[in-house]
Amino acid sequence: MALKAVKGFNDILPDESRRWQYIEQTARRVFELNGFGEIRVPIVEKTELFSRSIGDATDIVEKEMYTFTDKGDNSVTLRPEGTAGVMRSFIENKIYALDPIAKLYYMGPMFRYERPQKGRYRQFHQIGAEITGVNDPLADAQLLNMLTLFFREISLTEPTLQINSLGCPECRPNYRRALQQFLQQRIETLCDDCKRRFTTNPLRTLDCKIPGCAEATAAAPSVLEHLCNECDNHFNSVKRYLDLSATPYSINSRMVRGLDYYTRTTFEMVTGLLGSQSAVAAGGRYDGLISQLGGPSIPGIGFAMGLERVALLLENKDFTSNPELFIATIGSSERDMAFTLMDGLLKSGIRVEMDCESKSLKSQMRRADKLKCRFSVVIGENEIATGKAVFKRMEDGLQSESALTVDGIKLLLGAVK
RNA sequence: GUGGCCAUGGUGAAGCGGUUAACACAUACGACUGUGACUCGUACAUACGAGGGUUCAAAUCCCUCUGGCCACCCCA
């Protein structure tokens with residue numbers, strides 16, 4: 001039996017790949033416009049980096065990482081997300097020494113051992129961006145504007161922005177306590193998972209989809225009412241900046257995060273078009289992360305988006321491009337001429353195809369049609385003798401004569417456009 | 001990790017115990033001698049996800065495995 005790819009690991013074939021390139025190119029353009037520079041970090045990191053940043057008790061670290069011991073007896077892990085590695089590099093290369101304000105973006109594969117589903121694979125790809133060194137809510141708003149601009153630039157209106165604030169280490173415990181008090185009275189109506197979450201991570205009960213839990217937590221206190229003054233001001237400023245730039249958003253006070261490092265502003269770009277994979281991009285502030293990883297006390301904020309999910313939203317868009325000219329030949333000596341001509345045209349940036357196998361004229365024309373070439377030309381004895389040929393516009397059969405030279409053909413292709 | 005549905009050629013699929021495994025599209029070549037698209041002809045699964053079993057006989061029934069999709073979970 002023929003070998004197959006590993007479950008959850010996919011091949012990206014040329015048609016799909018064009019879609020990806022479009023997304024990547026647009027991201028690069030929009031991010032560079034906003035002053036971000038690309039950082040390329042390794043795919044493998046020490047396991048400890050992820051357990052320290054993402055959080056020991058999170059699902060990602062507990063059961064989804066591709067962790068193994070290398071031949072030097074080190075525990076290493078295929079990165080399950082991008083921020084940790086970028087921040088490790090930020091600290092290790094002392095990027096902050098030059099300027100604590102760094103604007104970095106990255107793109108590449110991530111790995112999580114999950115049950116594959118549409119829009120969710122074991123090797124998946126993220127494009128992310130981070131801003132370090134700015135506490136001010138202006139940074140939050142700038143990042144959100146950039147994300148919004150990106151989706152506008154790829155002509156998608158579907159994912160919409162939701163924002164929330166999770167508070168800081170000062171005020172979050174208060175909220176946690178208040179929420180637990182609230183849940184205490186209805187703990188019996190909660191599902192088993194939520195009973196467990198009650199102690200481990202009470203905030204998670206808020207987005208449980210079991211009807212009983214949704215009902216029980218419907219009147220739960222909101223994080224936003226428990227923010228300390230600083231966090232409250234911060235969140236209000238973020239909203240004000242978003243209003244100033246007319247960036248559309250809605251507030252979702254029940255939005256929670258799966259990674260432990262988030263503080264204050266959190267956000268998601270959500271869509272209803274991908275079933276249960278509703279988050280297309282997500283992120284937030286992580287003011288404690290850099291120091292937690294042994295770096296200086298520098299704040300940060302960032303997001304990551306799922307390339308597969310964005311690509312899914314772009315599925316009906318066509319990214320194919322067609323050759324300008326197909327050169328068909330009659331005899332073998334004519335192929336020399338055709339080959340030289342093709343070479344010359346390619347060197348001037350014109351997309352040309354010719355037949356490689358000396359097939360019948362009919363097959364060659366069929367191929368020209370199949371490849372959706374804009375023009376075709378037949379080179380035979382007569383053409384060689386006169387140095388001219390008839391070019392046929394495939395769409396309507398219109399014929400025009402031109403010299404069989406690179407310049408002549410360029411002129412023709414330009415003129416008939 | 002849990003549950004449900006599914007698995008026939010390049011693609012969409014019919015077949016539900018004995019068939020040359022239908023049909024359509026796609027593909028290749030030709031009819032049309034130096035011109036595609038339309039039309040017509042010919043070719044194209046020893047093969048029904050893999051491995052076992054039941055049977056005189058299996059793509060069709062049973063078991064196991066693998067993969068896909070959907071929901072949960074989790075998350076981008």
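Note on naming: letters A, B, ... go to the chains in the order of the sequence lines (proteins, then strands), and numbering restarts at 1 for each one. The figures that follow rest on heavy atoms only: side chains count, while hydrogens, waters and symmetry mates do not.
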Does a donor on one side chain and an acceptor on the other come within less than 3.5 Å for [X] and [Y]?
X      : Y      : value
A:S321 : A:R351 : yes
A:Y249 : A:D243 : yes
A:T67  : A:T77  : yes
A:H234 : A:D136 : no

Around atom OH of A:Y113, are there more than 12 heavy atoms of other residues, nucleotides or ligands at under 6.0 Å? no
For atom CD of A:E170, decide whether the heavy atoms of other residues, nucleotides or ligands shown that lie under 6.0 angstrom number more than 12. no
Below 4.0 angstrom, N of the basic side chain to O of the carboxylate: do [X] and [Y] qualify?
X      : Y      : result
A:K372 : A:D369 : no
A:E383 : A:K388 : no
A:R367 : A:D355 : no
A:E16  : A:R18  : no
A:K103 : A:E130 : no
A:E324 : A:R374 : yes

Should the side chain of A:R204 and the base of B:C73 be counted as holding a donor-acceptor pair, with the cut-off at 3.5 Å? no
How does each nucleotide of nucleotides 32-44 of chain B score, in 5' to 3' order, for protein heavy atoms under 4.0 Å: base (B), sugar-phosphate only (S), or none (-)? B-BBBB-------
Can a side chain N or O of A:S360 be found less than 4.0 Å away from OP1 or OP2 on B:G30? yes
side-chain N/O A:K7 vs B:G67 OP1/OP2, d < 4.0 Å: yes
Under 4.0 Å, heavy atom to any atom of RNA chain B: which of residues 109-128 of chain A qualify? A:R112, A:E114, A:R115, A:Q117, A:K118, A:G119, A:R120, A:Y121, A:F124, A:Q126
Give the residues of residues 334-345 of chain A touching RNA chain B, defined as any heavy atom closer than 4.0 Å, sorted by residue number. none
NA contact type, [X], heavy-atom cut-off 4.0 Å: base, sugar-phosphate, or nothing?
X      : answer
A:A368 : nothing
A:A328 : nothing
A:S363 : sugar-phosphate

Stems involving RNA chain B: give each as a range paired with a range, ordered by first number, where a stem means at least three consecutive Watson-Crick or G-U wobble pairs under 3.5 Å. B:1-7 with B:66-72, B:10-12 with B:23-25, B:27-31 with B:39-43, B:49-53 with B:61-65
Within this structure, what is the [atom1]-to-[atom2] distance between [X] and [N], rounded to whole angstrom?
X      : N     : atom1 : atom2 : result
A:F267 : B:A76 : CZ    : C1'   : 12 Å
A:M269 : B:C75 : CE    : C1'   : 17 Å
A:L161 : B:A76 : CG    : P     : 15 Å
A:K63  : B:U2  : NZ    : P     : 11 Å

If the condition is ring pair (Phe, Tyr, Trp, His ring centres under 6.0 Å), which residues does A:Y105 pass it with, not counting sequence neighbours? A:F31
A:N252: side-chain contact (heavy atoms from CB on, under 4.5 Å) partners, not counting sequence neighbours: A:Q162, A:R254, A:M255
Rounding to an integer number of angstrom, what distance separates [N] and [M] when you compare their [atom1] atoms?
N     : M     : atom1 : answer
B:G36 : B:A43 : P     : 24 Å
B:C29 : B:C16 : P     : 37 Å
B:C56 : B:U64 : C1'   : 26 Å
B:U42 : B:U54 : P     : 44 Å
B:C69 : B:G49 : C1'   : 15 Å
B:G41 : B:G53 : P     : 46 Å
B:A7  : B:C62 : P     : 13 Å
B:A76 : B:G3  : C1'   : 25 Å

Taking it one step at a time, do A:Y106 and A:V41 satisfy side-chain contact (heavy atoms from CB on, under 4.5 Å)? CA-CA 8 Å; A:Y106 60 87; A:V41 294; 5.7 Å; no
